[in-house]
2 protein chains.
Amino acid sequence: MGNSEGTERTDAQEEIMSATYEALCEHGYAALTVERIASELGKSTAAIHYHYETKDELLVAFLDYLLDGMNEWIDTKPDAEPRKRLAGLLDGLLPAEPHDRQFTVAMLEMRAQAPYNESFRAQFVERDERTRELLKTAIEDGADAGVFDGDADAGDAARSLMALVDGGWTRYVVLDDEAALTDARETAREYVESVLAA
Amino acid sequence: MGNSEGTERTDAQEEIMSATYEALCEHGYAALTVERIASELGKSTAAIHYHYETKDELLVAFLDYLLDGMNEWIDTKPDAEPRKRLAGLLDGLLPAEPHDRQFTVAMLEMRAQAPYNESFRAQFVERDERTRELLKTAIEDGADAGVFDGDADAGDAARSLMALVDGGWTRYVVLDDEAALTDARETAREYVESVLAA
DNA sequence: CCTACCGATCGGTAGG
DNA sequence: CCTACCGATCGGTAGG
């Protein structure tokens, strides 16, 4: 689940989440240790275990913290016309200048751990579902407005676009290809115009 | 580089590679230790360090071994007509029934380590380039034959298809979505028919 | 929330 | 290629 809305966090917990983020970006997920988080926090490892019993519990809370923080930008332009709204969503999902490469790299590491951590997987699935729903709604509204093909399955189209989004990020990280996000965005655009357009 | 063709391996080295594969599938990349490989091999860890000085050296050799082994299926149907050849390539890249999920999971873990291991990255880049070249050639031949749009950039189209391929696999692993590969294949098909078709 | 520490595990090596 | 072992590092805890 991941308690999408009101995850209560004390100030101390908030500081630990922030320190975890810094340590993650600096060392990557594989080298992320309680010691390094504590160092970033400026306290002892015991201080962390006081708030989170195990490292796994901390990491699950951390992923929740991360995905919470990502839910703000995504609801931009909810009132724009469907075609523009869909384009805006894709621009947000495949940004022209990604914020922090280190972070993106670490995110793929965390994603790759999903098969070994059911809580991780559940959170990534939930986030995927929510994102796909936004795409689907924009596509459906576009079909209602006559700009997209009404016979196309909006849910399937949303899945197709998400495959391009995930592929773009994977290639950006694995191949260290700066253009991978731009390429994926352009392909998504072609897909919308050629497959989806009425 | 990765010595794509004639990587010489002794029998002992071949056995270590095979044992590494088994240990990788069983425990995943993050939990892949020299000890576990040795256990799968039925020998001591010193036996492994006799053939590979460091764990990293072993892993680089192992990735080379893996990608070597993947270069066989991919050249199927080199003589078919372009449209069929492209479809065959995509079927190979996004198979209906992937062989071993555990292995696929571990491969994403290894891909996610590319930013921390230049040898890994170089091997993934090389493999990507080779695969894209196959797609590009099929698309170009299709354009020459008049079945694909001659104005489309074949290299760009190949990149687009690779984003779908990588996205499909990432989603298959991260979301544990059995249909992710089929969905990506279908989207690739739509892309070929709607964007690429003459 | 700290100091001090434990048991487990890791990659790697000496000596044969 | 084995036995035996080392130094480093890990997550976690006792006791305050």
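Throughout, protein chains are lettered first and strands after them, A, B, ... in sequence-line order, and every chain is numbered starting at 1. All values below were derived from every heavy atom in this structure, side-chain atoms included, with hydrogens, water molecules and symmetry-related copies excluded.
Look at NE2 on B/H49: it is 18 Å from P on C/dG15, rounded to the nearest Å. Distance CG (B/L58) to C1' (C/dG12): 13 Å, rounded to an integer number of Å. Atom CG in A/L32 sits about 12 Å away from atom C1' in D/dG11, given to the nearest Å. Spacing between atom CD1 of B/I37 and atom P of C/dC10 amounts to 11 Å, rounded to whole angstrom units. What separates OH of B/Y50 from C1' of C/dG16 is a distance of 14 Å, to the nearest Å. Atom-to-atom, CG of B/L59 to P of C/dG12 comes out at 10 Å; the value is rounded to the nearest Å.
Between A/R36 and D/dC10, a side-chain N or O to OP1/OP2 separation shorter than 4.0 Å is present.
Defined by atom type and a distance below 3.5 Å, a donor-acceptor pair is missing between the side-chain atoms of B/Q13 and B/Y65.
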A/I16 and A/R9: CA distance, side-chain angles, deciding distance, side chain to side chain contact (heavy atoms under 4.5 Å, CB included) verdict: CA-CA 10 Å; A/I16 292 172; A/R9 268 184 286 268; over 6 Å; no
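Ion pairing of B/D183 with B/R171 is absent here, as no side-chain N (NZ or NE/NH1/NH2) approaches a carboxylate O to less than 4.0 Å. Under 4.0 Å is where a charged nitrogen must lie from a carboxylate oxygen, and between B/R36 and B/E22 no such pair does. For the pair A/R130 and A/E133, the salt-bridge criterion is not met [side-chain N within less than 4.0 Å of a carboxylate O].
In DNA chain D, consecutive stretches of 3 or more Watson-Crick or G-U wobble pairs with both distances under 3.5 Å are given as paired ranges: C:1-16 with D:1-16.
Side-chain contact between B/E109 and A/E109 is absent, with no heavy-atom pair separated by less than 4.5 Å. The side-chain heavy atoms of B/Y172 and B/D177, taken from C-beta on, include no pair separated by under 4.5 Å.
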Indicate every side-chain donor-acceptor pair of residues 142-154 of chain B with a distance under 3.5 Å to a residue at least two apart or in another chain.
from	atom 1	to	atom 2	distance (Å)
B/D149	OD1	B/D151	N	2.9
B/D153	OD1	B/G155	N	2.8
B/D153	OD1	B/D156	N	2.9

For nucleotides 2-4 of chain C, print each protein N/O atom paired with a nucleotide N/O atom at under 3.5 Å, atom names and distance only.
from	atom 1	to	atom 2	distance (Å)
C/dC2	OP2	A/S44	N	3.1
C/dC2	OP2	A/S44	OG	2.7

